[in-house]
2 protein chains.
Amino acid sequence: MVDRGLVLDAAERVIRRDGAGVSLDAIALEAGVTKPIVYARVGGRTDLADALSRRLAARLVIAAGAAIGDLAYGRAMLTAFVEANLSTLAEHRDLFLYVTGGTAADTPRRTLYLAERSTTPMAQQLAAWRTNQGLDPAVAVPWAYAVIGMLHLVSLWWITEMDRPAELLAEQVAELLWSGLAGP
Amino acid sequence: MVDRGLVLDAAERVIRRDGAGVSLDAIALEAGVTKPIVYARVGGRTDLADALSRRLAARLVIAAGAAIGDLAYGRAMLTAFVEANLSTLAEHRDLFLYVTGGTAADTPRRTLYLAERSTTPMAQQLAAWRTNQGLDPAVAVPWAYAVIGMLHLVSLWWITEMDRPAELLAEQVAELLWSGLAGP
DNA sequence: AGCAATACTTACCCACCGTAACTTTGGTAT
DNA sequence: ATACCAAAGTTACGGTGGGTAAGTATTGCT
């Protein structure tokens with residue numbers, strides 16, 4: 001009896017090994033079962049990708065939380081947050097591509113889901129901080145999406161080039177995020 | 001004789017009408033030709049999506065340029081730039097989804113292409129401005145990707161919700177971009 | 001032992017991308 | 001005028017991948 005988690009583990013292994021273009025048959029083969037079993041456990045390709053996007057989102061949130069630790073709100077915290085996101089997405093490169101790829105109908109849904117999971121805790125913190133500073137907290141949600149979109153595209157670009165160390169890029173992105181284009 | 005441009009026009013029409021999930025057969029039907037003609041003119045699905053992404057990228061660049069006009073570098077210019085991007089992507093909603101969707105192998109390539117076309121002029125302006133201000137211009141390229149990634153995800157989110165006017169959202173995003181999370 | 005439910009496999013269908021082989025049309029040389 | 005050939009296009013097919021229906025083995029219960 002192969003349970004749902006083992007199928008997802010197998011999917012992650014074969015995606016990591018063979019890239020984001022893998023078929024369900026390949027995943028079933030890797031899991032040591034046949035295709036209908038995959039359907040019984042996790043559903044079709046869409047459900048599989050959804051489940052994997054939940055795993056990836058959870059890892060992003062955990063990595064971000066661990067990196068931030070109890071740093072105070074500020075540029076150092078932001079740098080840690082950015083670098084955690086960059087590293088995690090680079091670490092799960094093909095999984096990231098698998099989750100954000102797929103059919104045109106699913107891509108936006110999952111992209112937004114992946115983003116939303118990261119934005120939710122971030123928007124809360126951001127709203128609290130701005131309220132505390134006497135600023136309008138209404139911008140928290142769009143700003144959270146803005147930050148995550150920034151990180152995702154920068155990650156995608158960085159993943160394909162990998163021409164500079166993660167720390168440098170994280171510093172640069174954090175500077176933009178913290179001080180803006182206007183500069184300090 | 002149906003030329004390449006007419007096939008691309010037909011593709012845009014059917015994508016707008018039926019959504020981003022359309023097949024090549026549907027596009028060929030709309031163009032009034034058979035499938036092999038589509039292959040002879042524009043190549044396969046990948047080449048078609050590439051060609052459409054070039055069109056979309058060109059429109060983004062043109063819209064941005066027109067919106068900026070001869071505004072001086074600053075928050076007002078940034079707001080115009082952001083709003084031009086939001087509106088253009090919303091106007092070409094399904095085309096945007098078609099271009100950024102597709103197989104896992106093509107998605108990152110085209111996403112980066114679409115981004116790169118917007119980032120190139122922006123990175124140049126940004127580098128020039130920073131040099132002029134006595135600041136380090138080395139961050140221009142990663143910052144340009146950061147800005148475009150921000151705009152793309154915010155657009156995607158906004159497109160699916162459409163819960164606030166474009167001007168307000170553009171103001172909010174421009175504020176983040178110009179002044180950063182730290183605030184003015 | 002016999003029966004039934006569960007778990008899985010084989011075999012298949014369908015949609016879609018891509019292409020090979022066949023047909024038509026229009027111009028051209030003899 | 002006719003036979004030929006190249007261009008342009010259509011029909012028909014192969015291959016792959018997602019998804020499912022029908023058949024088979026295995027386990028537990030009476």
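Lettering follows sequence order; numbering is per chain, from 1.
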Requested in this report: Please determine if B:Asp3 and B:Arg41 form a salt bridge, counting it only when a charged side-chain N lies under 4.0 Å from a carboxylate O.
Outcome: no

Query raised in the report: How would you label the contact of A:Ser23 with the nucleic acid (heavy atoms, under 4.0 Å): base, sugar-phosphate, or nothing?
Result: sugar-phosphate

**Report entry** B:Leu24, nearest nucleotide to its side chain (from D:dT20, D:dG18, C:dG18)
**Finding:** C:dG18

Report summary line: Rounded to whole Å, CG of B:Asp25 lies from C1' of D:dA12 at a distance of 13 Å

Requested in this report: Check the distance between C:dC8's P and A:Leu6's CG and give it to me in whole angstrom.
Outcome: 12 Å

Report task. Could you work out which one of D:dG18, C:dA20, C:dC8 sits closest to the side chain of A:Ile37? Result -> C:dC8

Report task. Round to a whole Å and report the spacing from CG of A:Asp47 to P of D:dG18. Result -> 13 Å

Query raised in the report: Hey, what do you get for CD (A:Gln133) to CH2 (A:Trp129), rounding to the nearest 0.5 Å?
Result: 4.5 Å

Query raised in the report: Between A:Asp9 and A:Arg55, is there a side-chain N and carboxylate O pair less than 4.0 Å apart?
Result: yes

Query - Side chain of A:Lys35 (C-beta onward), nearest among D:dG19, C:dT9, D:dT10 - result: D:dG19

**Report entry** Candidate nucleotides D:dG18, C:dC17, C:dC8, ranked by approach to the side chain of B:Arg45 - the nearest
**Finding:** C:dC17

Requested in this report: Tell me whether the OP1 or OP2 atom of C:dA7 has a side-chain N or O from A:Arg41 closer than 4.0 Å.
Outcome: no

Query raised in the report: Would you call A:Asp94 and A:Arg17 a salt bridge, using N to O less than 4.0 angstrom?
Result: no

Query raised in the report: Which nucleotide, C:dT9, D:dG19, C:dG18, lies nearest any side-chain atom of A:Tyr39?
Result: D:dG19

